[in-house]
Amino acid sequence: MKKERISGAEALMHSLVNEGVDTIFGYPGGSIMPVFDALYDHTDDFRGVLVRHEQGAVHAAQGYARSSGKVGTCIVTSGPGATNTLTGISDAMLDSTPVVVIAGQVSTSVLGTDAFQEIDFVGITQPITKWSYQIRRPEDIAWAVARAFYIAGTGRPGPVVLDFNKDAQVAMVEYEPATVDSVRSYIPYPTPSRNAIEEAARLINSAERPFMLVGQGVELGEAHEELKALIEKADIPAARTLMGLSALPSDHPLCVGMLGMHGNYGPNVNTNECDLLIAVGMRFSDRVTGKLSTYAKQAKIVHIDIDHAEINKNVPVDISIVGDCKEVLPMLTELVEKASHREWVDSFAYYNAIEDEKVTRKALNPDSGPLLMGEVARRVSEATGNRAVLVTDVGQNQMMSSRYFKFTQPRSILTSGGLGTMGYGLPAAIGATIAMPQRTVCLFTGDGGFQMNIQELGTIMEQRAPVKMILLNNNYLGNVRQWQELFFNHRYSWTPMLNPDYALIAQGYGIPSRLVIERADLDDAIREMLETDGPFLLHVAVKEEANVMPMTPPGATVSEMIFE
Amino acid sequence: MTIMEKKLYTIIIYTENIAGMLNQVTAEFTRRMMNIDTITASSSSVEGVHRYTISLWGEEDSVQKVTKRIEKKVDVLKADYYTDNEIFFQEVALYKLSTQRVLADSEISRMIRHSSARVIEVNDNYTVVEMTGQTDSIVEMYNEFVAKDCMLQFVKSGRVAIPRSSLENRNEQLFNEDYKRKSIKDR
């Protein structure tokens, strides 16, 4: 094959095309200018999304990746451009989101001299990436880009950083495409142990009260059907983590709700009642387990995960199966016997009915008073036929929308679970609309988080990204205020917030908006939002001092939920 | 809560020989504020593969977790942890002594002859003694030299270690593409 002689920046374009990249989220600057110059000639290859802050670029790439399953791509400059991506990279690391962040870097000749906008980006990002590499020679571009996308997207996905020296961007190279489909020190898909699967099947077959915990791993492994086949055959009730909410449809007869601090009562109580816990593609986060020393002590535990380092990390397990759930679940299904655990399955409904009585009914159908977050979330969900992608910010808006939204489609929950990044929602929603233009994308955000990346309204305006923004405004940093009320003696330190006129802000960006204060107006406002072509800001004035309930208080046992 | 016992552990790590690798490995200790006692990094018998030997005091639970996190890194081929009874290990020490003091006290020469130490340099100003052994005997020797008031400088390496297990794989097997796959599966 005849080799082409091209610049390093052009070699990057070729390599990105090879990896199937169709969208780039980015922001130009000094030491990445040759790359943006090359992008000028590649408008047919890539949709360029100019964000308004580099943090937004990574979150948008995360939204793109999480909603589609493809690797998200960002290009930013060195120094502040690079450091602005750190929150997004950390978020992607904790939530296993495949993104490749390409950052400019000063020329190799001045590395280490504190040159203008020089920062040790590889050094900074090593602890928060799957792989971080500096491209110092144009000859390395094809290999490094191929390796970056391979590592980001395989196994347990995660972020990869390419730190691209400016001299390597302008130097000429005999370009030859590269493919990376293995790295000798990296086993993305470990072969599951047949013995462990047989032992797990024996435990399932002898269990009287088996309980399945479903995490985002099922979504990432695209094992939705495989999961259903197993739980249906063995009649195992299943609860989902926040990150795994759309891994199993909300209305599946064996779906018993959400785990976690603000999850449902049934699954949390029954965690400490089951005789077998089968965790798949989840990592026993402290937000799921509560107090570890009293977590599921009565149960045998089987943990299925693709990441060996997750096994026995927080919860000691009896059987571990390290492998891809897409492969493991069918092997288990084949070995388990058809079973029925009706009484056990029904016991979840018993506890969930208590929650319904004490919390849910009041949250969804209040007689009077200000609008509540829960009713807004449920009405929006139903108005989309429960088929929308839910993007949340972090805080009460996140917990209430994830509690009351319903999921029927895979890859329908985009939320910052691990890092809990306020400001994640708005840019992530932009990424989702770009990756999945055929789907309705509903962002639930609070007045705090909305303002943390509010500059991305500019991106929405420019891209005409049809994000349906539901701003749940309570004039507080609500989740912190709730903790102050419950655990800090009502001392509302730094949580009341004076808000701007959001209608004027939306107007400034040419985005239609509507303020809803009265319950009677809610349905019509939602209709208007969904019928409007393009973005829309639905500004909902919700009850100021409302709490997310039920709740497992910090440090409490998982089954000890409080209702008020 | 059971209180776990702190022990001295040795972690042996094989990595690709690339810039920044050591930083990636030590960062896993930093985030837990685990203090590395000794570290020895050098090339292994396999070209392009480096071998780190890290010793530290810790509880098995946290040592095991940190070892797994290190092995998970893309460019780490393998990481395992051992207690002292599972490995052979040695350290090297160099003692720089005053030649004048050594000549003035024949007991010093006798001490050196009766130990595993050896003299590797003698000149008018100083004498350099090298000793390979375990920490206790190296420190004991140090204390004796200090007591004799002949010590000018002292340096000791971190440990190098090799597992006692006869099932241990040959280094070359790290190249085998199924190696890491297998090691994950069998644990």
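In what follows, every chain begins at residue 1, and chains take the letters A, B, ... in the order their sequences are listed.
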*asked:* Check B/K68 with A/E310, please: is the shortest side-chain N to carboxylate O separation under 4.0 Å?
replied: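 Looking at A/E310 and B/K68, the cut-off is not met.
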Has [X] got more than 12 heavy atoms of other residues, nucleotides or ligands less than 6.0 Å from its [atom1]?
X: B/Y142; atom1: OH; answer: no
X: A/Q298; atom1: CD; answer: yes
X: B/I18; atom1: CD1; answer: yes
X: A/I301; atom1: CD1; answer: yes
X: B/N123; atom1: CG; answer: yes
X: B/E107; atom1: CD; answer: yes

*Sidechain-backbone polar pair: B/K72 side chain, A/A309 backbone, donor-acceptor under 3.5 Å*: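 Not at all, since once roles are kept as given, no pair shorter than 3.5 Å links the two residues.
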_Under 3.5 Å donor-acceptor, A/Q126 side chain and B/N23 backbone_ =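 The answer is no, because no donor-acceptor pair under 3.5 Å joins these two groups.
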*Can you measure from CD (B/Q64) to CD1 (A/I311) and round to the nearest 0.5 angstrom?*
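If we round to the nearest 0.5 Å, B/Q64:CD and A/I311:CD1 are 11.0 Å apart.
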Heavy-atom side-chain proximity of [X] to [Y] below 4.5 angstrom:
X: A/S185; Y: B/D75; value: yes
X: A/K313; Y: B/D61; value: no
X: B/V74; Y: A/R147; value: yes

*Who pairs with B/R32 by salt bridge (charged side-chain N to carboxylate O under 4.0 Å, His left out), at least two apart in sequence or on another chain?*
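Scan of B/R32 (salt bridge (charged side-chain N to carboxylate O under 4.0 Å, His left out), adjacent residues dropped) gives B/E28.
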*Side chain, backbone, both or neither of B/E16 within contact of chain A (heavy atoms, under 4.5 Å)*: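 Just the side chain, heavy atoms under 4.5 Å.
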_Toward chain B, the part of A/N195 with a non-hydrogen atom under 4.5 Å_ =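 For A/N195, there is no contact with chain B at all, as no heavy atom is under 4.5 Å.
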*asked:* If you apply the rule side-chain contact (heavy atoms from CB on, under 4.5 Å), what do you find for B/Q24 with A/V122, and how did you get there?
replied: CA-CA 10 Å; B/Q24 286 189 52; A/V122 168; over 6 Å; no
